[in-house]
Each structure stands twice: as C-alpha cells, then as structure tokens.
Amino acid sequence: MKHVNLRIRPRKWILAILFLAGTGLSILGIPGEPTAIRPGETREMALRREAESKAAFESAYHVFMSPRCMNCHPAGNVPLQGDDSHLHTQGVRRGPDGRGLYALKCKNCHQDANLPGEHMPPGLPTWRLPPEDRPMVFQGKSPRELAASFKNARFTGFASIHQIIEHVEKDPLVLHSFTYGTRPPLEHGEFAAKVREWVEKGAVLPDK
Amino acid sequence: MTLSPDINRRQFIRTAALATGGLIIAFNVPAAGKRRRTGQEPAFAPNAFLQVGTDNSVTVILSHCEMGQGIWTTLCMLIAEELDANWKTLQAVHAPAAPAYFHTIYATQRTGGSSSLLSEFDRYRKAGATARQLLVQAAANRYKVAVQDCRTEDGMVIIGDKKIPYSDLAADAAALPTPADVPLKDPANWKIIGKRIKRMDTPAKITGKAIFGMDVQLPGMLTAMVARGPAPGAKVKGYEAAAAMAIPGVRQVVAIPGGVAVLADDFWAAKKGRETLQVDWDLGPGANMNSDALLKEFRERANKGGIAATNTGNPEEAFTRAAHIVEAEYYQPFLAHAPMEPLNCTVQLSADKCEIWTGTQTQTDDQRGAAEITGLPVEKIFINTLFLGGSFGRRNITRSDFVREAVEVAKASGKVVKTVWTREDDIKGGMYRPAFLHRFKVGLDAGGTPIAWKQISVGQSVMTGGPFEKLAVINGVDMFSIEGMQTAPHVKAVKDQRIEVNTPEWPVSVDNWRAVGLSHTIFAMESLSDEMAIAAGKDPVAYRRMLYKDEPRLVGVLNLAAEKSGWGAPLPKGHGRGVAVFEAVGSFVAIVAEVAVLNNTIHVNKVTCAIDCGIAVSPDGIISQTEGSIAFGISTALYSEITFRDGKVQQRNFYDYPMLRIHEMPQVAVFIVPSKEKPGGVGEASVGQMIPALTNAVYAATGKRIRHLPLRNQPLNGHLQDSKLMG
Amino acid sequence: MIQLTVNGKTYEVDAPADMPILWVLRDKLGLTGTKFGCGAAQCGACTIHLDGEAIRSCVAPVSRAVGKKIVTIEGLDDSLAKPLQEAWTEVDVPQCGYCQSGQIMAAAILLRDNAHPTDRDIDNAMTGNICRCGTYQRIRSAIHMAVTLKTSAAAVQP
C-alpha cells in the first residue's frame with residue numbers, strides 16, 4: 001500500500017474550503033453574496049449593483065405582468081382578455097403557430113390597427129400569441145421565475161440575453177402595448193430602461 | 001312578391017279568361033288601386049291561401065310569418081296534404097296585409113303566441129281540400145264521370161289512365177260554386193303531415209339568397225339611424241346637426257318623436273353621422289331606474305301586497321295544519337330579445353300610399369300605426385313581410401314601435417328610407433321581458449301535497465295599453481304576470497289560497513318575450529316544486545308524478561323524459577340531474593338537465609326533453625324548435641340580464657350581453673309523444689322549463705339552491721363562457 | 001376609388017378607407033348574403049374569406065382588402081359549398097337563417113384545413129359564430145356530414 005501524503009497545511013485547507021464554499025455559495029445565489037464581482041468592483045459594489053439589477057427587474061415585472069403584456073403570454077392555450085385578464089371569449093386558442101385556429105385566427109378580428117370604440121378589438125399587423133413550441137409564459141410566474149425564463153434561451157429564442165433589450169425597446173407589439181386601454185404601470189421608456197438596467201447590471205435573479 | 005290587399009276572406013276569387021287566352025285572377029281591385037303580381041299570373045286561386053300557376057306550380061300564401069319557427073314549411077304541408085299537390089312545385093310567399101289573412105282567433109293579422117298551427121290547422125287544410133274538390137269536380141264534369149271515379153296525386157286529377165294537371169282544369173274549377181263543407185283527409189291517409197319534410201326555406205338561407213328586412217334595397221333609398229334617449233322616456237330638448245351633416249354621405253338630419261334621425265347614403269355614413277350628432281336630452285323619470293335599488297323596491301312591494309288574483313278559503317289557518325312549510329322568493333331580471341337580425345324597417349311614403357318592407361309579426365297593428373302617423377287609410381298601408389332574422393318577441397310588438405318610428409322618419413324627411421338599428425340600439429332599446437319577483441309560502445300535508453298557498457308576484461304588466469288588455473288584464477291583474485300559476489293543477493286543487501299581484505309602473509318599456517309570462521313563472525313554479533319535493537322528502541320526479549297524478553299528459557312527458565334521461569342512475573360527484581315539467585302554449589313539456597359543476601363552472605352536459613304537442617304536423621320542426629328553445633333557455637339562465645344605472649342600460653353588445661355558443665351546447669335529445677289531440681304550440685313550449693331544469697340540476701350537483709338569475713352572478717360561477725375550455 | 005376583387009370579379013368602389021368591408025359589400029355592391037349582427041366582431045354573421053382566411057368583415061376596413069381576394073357566401077367555391085350545403089340541407093340546420101352565411105363561411109375553413117375534425121376542432125372553429133335560434137347541435141352534425149361528403153367526393157374525383 002502506497003501512502004500518499006495528503007497532509008496539507010491546515011491554513012491552506014481552510015482558505016481553500018472558504019474559497020470553494022464562497023464560489024459554491026455564490027453559484028447557488030445565496031443572499032448576501034454577489035454572484036459575480038466584475039473587474040474593478042469591490043464586493044460591496046457588486047452587491048449594490050446586483051441589488052439594483054434585482055430592483056430594476058422587480059419594477060419591470062409589474063409591466064410584464066400587467067394585462068397589456070401578460071394577456072398575450074398566458075399559461076394555457078387561451079389568450080387572456082381585459083383588465084381582469086379573464087379567458088378570451090369566443091373560444092379562441094393559440095394554435096400551433098400562435099396565430100389561432102381555423103375561422104378564429106387572431107387576425108380574423110384583430111385588424112392592423114386598433115379599432116375605435118369601446119370593446120372593439122385592438123390591433124397590429126403582427127397580432128398573435130407566441131407559438132406552442134415556445135409559448136413564453138408570463139402568467140403565474142414570480143419575479144424570480146420570470147427573470148429565470150428570460151435568461152433561458154429556449155424560452156426567449158434569443159442567443160444572448162442582451163437581445164431582450166432591443167426587443168423591449170423596439171418590437172412593435174411591445175411598443176403598441178403602451179398606447180391604449182389601461183396602460184402598464186410604467187411608460188415605455190421607463191420600462192425599457194429598467195430592462196436594460198437589469199440586464200446590464202448582471203441580469204440578477206430576484207430573490208423570490 | 002306581394003298580392004293585392006283587397007282579398008276578402010269570405011269571398012272566393014273567380015278567374016276570368018283574358019282575350020289572349022291566358023288566365024288571370026280578378027281580385028277586388030279598387031278603382032285607383034294598383035294590383036301586385038306574384039310573378040306569374042295564377043291559373044287558379046280558389047281562396048286567399050293558394051294559387052295554382054299556369055305551369056302547375058302551387059304558391060301557398062302565408063298568413064303567418066317565418067321567423068325561424070318553420071311555418072314557411074308547415075303551413076305548406078297542410079295545403080299540400082289536402083290539395084294532393086306535387087310537393088316539388090310548392091313555393092311559399094308571405095301574404096300581404098289584408099283582412100283575409102287575419103288570425104282566426106285574434107281577428108288581426110299577426111303571428112305570435114305559438115298559435116300559427118292553432119289558427120291554421122283547419123283553415124289551411126280546408127283551403128287545400130276545397131281547391132282539390134273544385135278541381136276534381138271540374139274534371140268529373142269535363143270527362144262526364146262521377147267524382148268518385150277521380151283521384152288526385154302530385155298536382156293532377158287522375159281518371160283511369162288520364163292524368164290532367166290542375167292548371168288545365170283551372171278555368172272550369174274557378175267557375176264552380178264553392179262547396180260549403182269539404183271533408184278533410186283521414187289522418188290515417190296522411191302522406192305529408194307527420195312526416196319528415198325538408199324545410200323549404202333552407203336552400204335560400206344557406207346560399208345567402210334569402211332576403212331579410214335588413215337586405216331590402218330600393219332605388220334612391222337612404223339609410224337612417226335614430227339617436228334615441230339614453231334613459232327610457234327621454235325627450236329631445238334640442239340638437240346640433242352641423243357636425244353630422246359634415247360627414248360625407250350624410251344627407252339629412254330630422255327630428256322625430258322621441259329622437260333625431262340621421263339619413264345617409266349607407267349604413268356606415270349614417271353611423272358616423274349619428275356618432276357626431278349632439279342631442280340635448282331631458283332624461284325624464286327614466287333617469288331614476290337603478291338596478292341596485294330595484295330588488296329592494298321589489299321586496300317592498302311584495303311586503304305591501306297587491307291585488308288578489310285568487311282568494312279562497314283561509315290560507316293562514318291552513319298553514320297551521322301543514323306538515324311542512326316551504327318559503328321561497330325567486331327573482332329574475334329584465335331580458336332583451338337580441339334576435340340575430342337587428343331591427344330595421346324600410347318605408348316609401350307618398351301622398352296616396354305608404355309601402356313598408358320589414359320583418360314583422362304584427363301586420364295589422366303596423367298598418368294602423370302607419371295610418372295614424374300618415375293620415376292615410378289602412379287600406380293604403382302596404383306591408384311587405386320579409387324573412388325575420390329571429391324575433392323571440394321583439395318583432396311582435398302591438399304598439400309597432402320600430403315600424404312607427406320608421407314611418408316617422410320617412411314622413412319627416414320626405415325620403416325613401418331604411419331605418420336600421422345597431423346591436424347596441426337593440427340591446428338598449430327596451431321592450432324587455434319585465435323583471436319579476438315571485439314570493440311563495442306553501443303549506444304541504446304529510447305526503448307533500450300543497451294544502452295552503454300564499455303568493456305575491458311583483459312585476460310590470462306587458463298587456464296593459466295594448467289591444468289585448470281587455471282580454472288579459474282582469475280586475476287590475478295582468479294574467480300574463482302569473483301565467484300558468486293559478487291554473488297549474490296542483491295550485492288549482494288548493495282550497496286555501498291567495499295569489500296577489502303587485503304591478504309597478506316604471507318608465508322601462510316591457511313587452512312580449514319568448515313564452516311571455518311563462519318565461520319567468522315556470523322558473524318560479526318548478527324551482528318551488530323542487531323545494532317542495534325536498535321538504536316532503538321525495539325524489540323530484542316521483543313528487544311531480546304525485547302532484548300531477550290526475551294529469552295524464554303531464555305525467556306522460558314526465559315519465560318519458562325521466563326514462564330517456566336515465567333519471568336515478570348514479571352520477572359522479574359534482575354531477576346532478578334536474579327536472580321541470582309544465583304545460584305551455586297548449587303543449588306539455590318535461591325537461592331533464594344533466595350538469596357537472598367543476599371548479600365553480602357549470603357544464604350543461606345533456607338535456608332530455610319530452611314534448612306532447614298534440615298532432616305532430618312536422619316532427620323534425622318540433623325537434624328543431626325544441627333544441628333551439630333549450631339553447632335559448634340555457635343561455636338565459638346562465639348569462640342574461642339587463643341592468644340600469646341612472647336610467648341607462650348597462651349592456652350594449654354580445655360582449656356584455658353574452659350568448660350561449662356551440663362549445664357550451666349540451667347533447668340534446670327530444671322525444672315527441674304520439675298524440676291525436678289538436679296541435680299545441682311549439683315555439684315557446686320549452687323555454688320556461690329549461691331554466692329550472694338547469695337550476696334544479698345545479699342544486700343536485702352542489703346543494704346550492706338558485707333563486708336569482710342569471711347564474712353568472714351566483715358565487716359558484718367561474719368563467720362560464722369558457723366552461724368547456726381548459727385554459 | 002378602391003379596386004376590389006370579390007368572388008372573382010373586379011369592382012371599382014367609391015368608399016372611405018375605414019369603411020368596413022361588410023358595408024362595402026352590402027351597401028355598395030348589393031351583396032347582401034353577408035350579414036350584420038353586431039358590428040363588433042362578436043357574432044361572426046359577417047364572416048367572409050380574405051385571401052383564404054376567414055375575417056370579420058364588420059370590423060375589417062376596406063383598405064385591408066386592396067390587392068386581395070374576397071370570397072363571400074355567394075361565391076364560396078363548390079368544393080366547399082357543395083358538401084356544406086348538402087349537409088346543411090340534409091340535417092335542416094337553419095331556423096331563421098340569419099347567422100347561417102357566417103356559420104357556413106366559418107365551417108368552410110375547417111372543412112378545407114382539417115380532413116378529420118373532431119368535436120373539439122369544431123368547437124375551435126365555430127365558437128365564434130353565434131346562433132340565437134340555437135341550431136348548434138345541427139351545425140355540429142352537419143359539419144361531420146360535410147366532411148364525409150367532401151371525402152367521398154374527393155375519392156370519386158380522378
């Protein structure tokens with residue numbers, strides 16, 4: 001039996017363990033520790049940046065979950081409707097491509113622009129739901145869960161999370177959602193800025 | 001296609017040969033009158049109800065109007081059966097407005113109360129039989145044979161191997177004296193009545209060719225929309241038309257009684273014009289209508305009591321002898337009709353006549369209303385009745401509200417004009433089924449039979465102020481407010497009873513709605529029967545069997561519906577069956593509904609209906625009307641209510657006055673009881689029963705008793721419109 | 001002036017760009033088979049086909065139809081119209097009939113795009129069309145029948 005000398009000096013062990021533990025704890029996102037410390041950052045700066053990232057998302061979260069956004073990101077295959085986000089009437093369903101089914105496709109009633117008058121369907125040329133194979137569900141998600149979804153390329157279809165910024169800044173459906181009915185709680189510009197802030201400050205997952 | 005209005009139903013028309021050798025009908029044409037044609041000159045028109053063309057086709061002239069209930073076909077069946085016409089050559093037309101076409105009971109030209117067959121079962125058969133007899137006599141005379149040697153088939157008189165088309169015999173037949181009393185066919189020999197006959201209006205309705213009132217187009221016609229008051233009875237104080245007149249296509253803005261009309265080249269311009277119209281309204285007393293306060297006022301009135309409709313014995317004393325006491329109060333809302341075709345009426349008014357095109361059930365009332373407005377005699381008011389795109393009572397308004405309004409628009413503007421209503425106009429436009437509160441205290445003996453009955457019913461009168469007021473309102477009580485209640489067998493039998501009616505006068509306009517009083521009385525009565533059954537510890541079907549033990553037709557449908565629905569067979573948790581049985585419009589109907597209540601959502605899974613409507617003239621017609629009534633009743637029970645805030649109706653369109661849709665339609669099975677009794681009505685026979693069958697089923701499924709409608713307001717409801725959709 | 005193609009014919013129409021196609025069809029072209037039921041895309045009575053998709057013509061502005069093909073009930077292709085009309089007749093679907101143009105135009109899309117529709121598919125296709133007379137049960141069985149008729153017609157075709 002060959003004896004391997006495993007004796008390492010205790011202090012190095014302790015440092016090694018602490019380092020590993022710290023890294024491991026960071027990976028686990030344990031509160032109190034930054035997930036990453038960027039070059040030039042102290043631990044405190046990182047903590048602050050990450051707190052701001054979370055706060056930015058939590059602010060944007062209320063927009064994502066407001067009816068004008070969430071109604072087209074339902075948990076099921078029926079879009080939501082109205083400020084109380086009830087199931088859309090008339091039996092419409094997502095369909096494989098998110099554009100609806102048969103004689104009840106989204107664009108059958110929703111035109112290329114909003115129609116004037118109460119209870120008339122709003123509209124845009126690209127009016128639709130996400131497709132069945134990538135439904136991009138917002139409904140029912142906590143801030144943490146939603147943020148995690150946005151970081152998942154399979155959810156967003158974005159190779160990089162930075163593409164989310166351009167999406168919320170420029171996508172016509174997003175822009176349109178701020179222009180009619182009961183508005184989301186932030187103006188579009190504010191909302192886009194919050195999303196940018198979240199991403200640029202590390203896309204940190206909120207605690208809950 | 002219309003005929004001259006001058007047909008006197010007591011005269012028979014004689015044909016006369018023209019110099020050209022053709023055959024024409026000589027109607028009683030007044031000197032200055034214009035005669036209308038059916039398209040081709042008829043060869044034979046022995047009475048007001050049928051004509052035989054020179055091509056041997058048969059035109060049946062309908063004294064009642066087609067609104068979906070199928071009389072377009074059913075009345076033709078009556079003629080064709082007795083006439084022995086070739087069914088393939090039959091065509092139907094709506095009659096013009098004329099005394100010849102007066103309802104045999106109501107002495108005016110009208111369709112309603114599920115009474116078309118009641119009115120016409122004998123008359124149309126006699127018309128066909130009389131015509132046939134004349135034709136046979138003419139053939140017998142010509143060929144010098146006995147009448148018994150002639151037979152008829154497929155539009156021909158057959159003598160030996162000779163086949164003579166009816167059109168060939170027309171001139172001779174027309175010259176014969178009209179027989180007084182013509183025998184009708186033995187029902188055993190019926191070839192058409194009682195058989196499955198395809199509807200004659202289907203081909204037009206599935207190709208877009210059927211013309212409804214909304215589709216009428218005349219040269220130079222304008223389209224008008226009327227701005228009506230936001231509260232019932234509101235009056236125009238003033239209006240500003242400049243903005244409306246500036247809309248391209250808007251031609252004119254005129255005031256009429258109760259509103260302001262915008263006339264334009266087309267619907268869209270008229271709508272945009274009306275949207276920009278500024279009208280200053282005096283809201284009037286209608287502004288005080290508030291649904292929040294209404295239930296309270298209903299209850300106060302119930303507490304106060306009303307005029308006694310029945311008052312016998314001593315109910316208070318009888319209660320002391322009762323083994324069980326059941327107290328219940330049922331409250332049902334105002335309802336709109338919402339036929340798929342919004343109201344419309346086209347009017348062409350000139351100095352000497354007024355011609356109207358619309359879907360209407362009240363031709364005589366419309367003529368009288370137009371005569372009043374125009375000053376023309378009734379004979380100068382011509383009504384062209386088109387297919388009605390549904391009615392459910394909305395086009396059966398004796399005060400002719402929408403026709404009068406259209407005549408006013410024509411008169412004020414001097415134009416040929418089609419006045420159209422939007423869906424919002426329709427939902428907000430009044431003539432509602434009144435809201436009703438029925439409060440009961442019933443004492444039952446140990447076996448469950450009612451021995452004491454106290455009732456107060458509160459709601460507006462639909463018949464007051466109309467032509468049937470004298471018939472229907474007796475000692476201040478509108479019988480329709482308690483329709484079917486005092487005459488129910490188990491109520492009639494109660495010696496100690498007091499039924500009172502308190503009739504508010506509110507500014508909301510109320511009128512006929514499908515099944516009229518039965519639309520709300522049956523919900524109350526059959527919910528109560530269920531509550532009585534439970535108090536007596538009896539199964540709801542067994543209980544009703546006991547109540548109606550002396551009523552074979554009620555028991556007959558009850559047993560049939562119970563059997564076919566599997567009543568009593570076990571159901572999973574959350575599922576339940578409910579039953580209702582009642583007599584309506586001369587027919588007897590029992591309905592069993594089977595529901596599942598899951599996640600606070602009601603799924604109506606199965607409905608079984610047994611109907612005894614006497615002789616079943618058109619079995620498939622009966623089934624389709626009953627299927628439709630069931631959908632109508634479910635829709636009403638689940639969703640329908642009209643509410644007011646500060647006089648304004650809060651509902652506008654189908655997004656807030658929702659309708660049952662295909663995914664919510666249960667499986668429906670309808671069973672017709674074979675009968676030789678005279679035909680009862682069908683169009684309104686089942687609506688009232690469907691509602692309590694449904695709510696009784698909800699009770700069976702959940703233990704929750706429903707006493708207020710609609711169900712969507714009840715706490716157990718979720719998103720009913722998506723009841724079968726998993727999100 | 002707007003140029004429209006309706007049921008294979010070309011029309012020059014003087015209509016404002018925001019006029020719904022429904023009123024162009026009915027009031028300008030006299031094609032009254034397509035019906036007005038609600039004006040708010042709630043009931044489906046106004047259903048037409050625009051480049052092969054069902055749309056609610058009571059809310060679709062005529063500007064949307066420029067350069068596209070409109071098909072109404074009057075011009076529905078025989079391959080769809082015949083099985084539907086035959087089934088509708090066999091089952092005697094219509095009562096008042098006012099909603100039926102829209103029902104048939106909606107059913108035509110299902111018939112065209114699904115060779116074996118289930119009851120769920122029928123719900124998904126037809127729930128947008130209201131029938132106040134309550135002919136839903138017959139619409140459902142007529143659609144099933146039309147599918148069979150269409151399939152057997154196709155089988156007979158060379």
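Heavy atoms only: backbone and side chains are in, while hydrogens, waters and symmetry mates are out. Just so it is clear: chains get the letters A, B, ... in the order the sequence lines come, proteins before strands, and each one is counted from 1.
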Trainee: Side chain, backbone, both or neither: which part of C:Asn129 has an atom under 4.5 Å from a heavy atom of chain B?
Mentor: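 It is the backbone, since no side chain atom gets that close.
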Trainee: Answer yes or no: is there a donor N or O on one side and an acceptor on the other, between the side chain of C:Arg132 and the main chain of B:Ala338, under 3.5 Å?
Mentor: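 Judged by distance alone, yes, a pair lies under 3.5 Å.
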Trainee: Looking at B:Glu66, B:Gln625, B:Gln69, which makes the most heavy-atom pairs under 4.5 Å with chain C?
Mentor: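 Top option by heavy-atom pairs under 4.5 Å: B:Gln625.
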Trainee: When you measure from the side chain of C:Tyr136 to the backbone of B:Leu660, do you find a donor-acceptor pair of N or O atoms at a distance under 3.5 Å?
Mentor: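 Present.
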Trainee: Under 4.5 Å heavy-atom distance to chain C, tell me which part of B:Arg652 shows up: side chain, backbone, both or neither.
Mentor: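 For B:Arg652, there is no contact with chain C at all, as no heavy atom is under 4.5 Å.
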Trainee: In the structure I gave you, are the side-chain heavy atoms of C:Gln95 and B:Ser624 within less than 4.5 Å of one another anywhere?
Mentor: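 Answer yes - side chains close enough.
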Trainee: If every non-hydrogen atom of C:Phe36 is compared with every non-hydrogen atom of B:Arg423, which pair is closest and at what distance?
Mentor: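 For C:Phe36 versus B:Arg423, the nearest heavy atoms are CZ-N, 4.1 Å.
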Trainee: CZ of C:Arg120 to NE2 of B:His663: how many Å apart, nearest 0.5 Å?
Mentor: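 One gets 9.5 Å once the value is rounded to the nearest 0.5 Å.
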Trainee: Using 0.5 Å steps for rounding, measure from the CH2 atom of B:Trp268 to the CG atom of C:Asp18.
Mentor: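 It is 5.5 Å, given to the nearest 0.5 Å.
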Trainee: Which one of B:Ala210, B:Pro342, B:Ala204 has the most heavy-atom pairs closer than 4.5 Å to chain C?
Mentor: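 Of the candidates given, the most pairs with chain C belong to B:Pro342.
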Trainee: If I measure from the heavy atoms of chain C, does B:Ile427 come under 4.5 Å with its side chain, its backbone, both, or neither?
Mentor: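 The answer is neither part of B:Ile427.
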Trainee: Under 4.5 Å from any heavy atom of chain C, what part of B:Ser391 do you find: side chain, backbone, both or neither?
Mentor: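 No part of it gets close to chain C.
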Trainee: Examine whether an atom of B:Asp265 lies under 4.5 Å from a heavy atom of chain C, and if so say whether it belongs to the side chain, the backbone or both; otherwise answer neither.
Mentor: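 It is neither, since no heavy atom gets under 4.5 Å.
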Trainee: Would you name the heavy atoms of B:Met340 and C:Cys99 that are closest together and state the gap between them?
Mentor: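 It is CG-CB, 4.4 Å.
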Trainee: Of the backbone (N, CA, C, O) and the side chain (C-beta and beyond), which part of C:Thr89 lies under 4.5 Å from a heavy atom of chain B, both, or neither?
Mentor: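 Answer is both: backbone and side chain atoms of C:Thr89 are under 4.5 Å from chain B.
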Trainee: Quick check on C:Trp23 against chain B: is it the side chain, the backbone, both or neither that has a heavy atom closer than 4.5 Å?
Mentor: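 Side chain only.
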Trainee: Please name the pair of heavy atoms, one in C:Arg140 and one in B:Ile662, separated by the smallest distance, quoted to 0.1 Å.
Mentor: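 Residues C:Arg140 and B:Ile662, closest heavy atoms: NH2-O, 3.3 Å.
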Trainee: Let me know if B:Ile206 has heavy atoms under 4.5 Å from chain C in its side chain, its backbone, both or neither.
Mentor: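 Both parts, backbone and side chain.
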Trainee: For B:Phe267, which atoms come within 4.5 Å of any heavy atom of chain C: side chain, backbone, both, or neither?
Mentor: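 Both parts, backbone and side chain.
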Trainee: Not counting sequence neighbours, list each pair that qualifies as a side-chain hydrogen bond (donor to acceptor under 3.5 Å, both in side chains) and has a residue in residues 206-215 of chain B.
Mentor: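 Counting only pairs at least two positions apart or across chains, the side-chain hydrogen bond (donor to acceptor under 3.5 Å, both in side chains) contacts touching residues 206-215 of chain B are B:Asp215-C:Arg26, B:Asp215-C:Lys35.
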Trainee: Heavy atoms under 4.5 Å from chain B: which residues of residues 66-85 of chain C carry them?
Mentor: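 When heavy atoms of chain B are the reference, residues 66-85 of chain C contributes C:Ile73, C:Glu74, C:Gln85 within the under-4.5 Å range.
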Trainee: What option among C:Pro94, C:Pro20, C:Gly33, C:Cys96 has the most heavy-atom pairs under 4.5 Å with chain B?
Mentor: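 Of the candidates given, the most pairs with chain B belong to C:Cys96.
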Trainee: Drop me the distance from C:Cys38's SG to B:Asp426's CG, to the nearest 0.5 angstrom.
Mentor: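 Reported value, rounded in 0.5 Å steps: 11.5 Å.
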Trainee: Would you check if C:Cys133 and B:Phe392 make a side-chain contact, meaning some heavy-atom pair closer than 4.5 Å?
Mentor: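 Answer yes - side chains close enough.
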Trainee: Give me the atom names and distance for the closest heavy-atom approach of C:Ser101 to B:Gly208.
Mentor: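 The answer is OG-CA, 4.0 Å.
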Trainee: Work out which heavy atom in C:Gly97 is nearest to a heavy atom in B:Phe212; give both atom names and the distance.
Mentor: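 That closest heavy-atom pairing would be C-CZ, 3.8 Å.
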Trainee: Distance check, rounded to the nearest 0.5 Å: B:Met665 atom CE versus C:Thr135 atom OG1?
Mentor: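 Answer for the CE-OG1 pair, B:Met665 versus C:Thr135, is 8.5 Å.
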Trainee: Which atoms of C:Gln103 are under 4.5 Å from chain B, going by heavy atoms: the side chain, the backbone, both sets, or neither?
Mentor: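 No part of it gets close to chain B.
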Trainee: Looking at B:Glu424, B:Lys271, B:His337, which one has more heavy-atom pairs under 4.5 Å with chain C than the rest?
Mentor: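 Going by pairs under 4.5 Å, I would pick B:His337.
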Trainee: Could you tell me whether C:Asp92 and B:Lys205 have a side-chain N and a carboxylate O separated by less than 4.0 Å?
Mentor: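 Salt bridge: no.
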Trainee: B:Asp266 versus chain C, heavy atoms under 4.5 Å apart: side chain, backbone, both or neither?
Mentor: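 Its backbone and side chain both get close to chain C.
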Trainee: Heavy-atom cut-off 4.5 Å, strictly under: side chain, backbone, both or neither for C:Val24 against chain B?
Mentor: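 Contact with chain B involves no heavy atom of C:Val24 at all.
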Trainee: I'd like to know if B:Arg661 and C:Asp123 make a salt bridge, using a cut-off of under 4.0 Å between side-chain N and carboxylate O.
Mentor: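 A salt bridge is absent here (no side-chain N lies under 4.0 Å from a carboxylate O).
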Trainee: Which answer fits B:Gln217, side chain, backbone, both or neither, if we ask what part of it has an atom under 4.5 Å from a heavy atom of chain C?
Mentor: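 Side chain of B:Gln217 only, per the 4.5 Å heavy-atom cut-off to chain C.
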Trainee: Is chain B contacted by the side chain of C:Ile130, its backbone, both, or neither, given a heavy-atom distance below 4.5 Å?
Mentor: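 It is both, since atoms from each part get that close.
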Trainee: Sort B:Ile197 into side chain, backbone, both or neither according to what part of it lies under 4.5 angstrom from a heavy atom of chain C.
Mentor: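 For B:Ile197, backbone heavy atoms alone lie under 4.5 Å from chain C.
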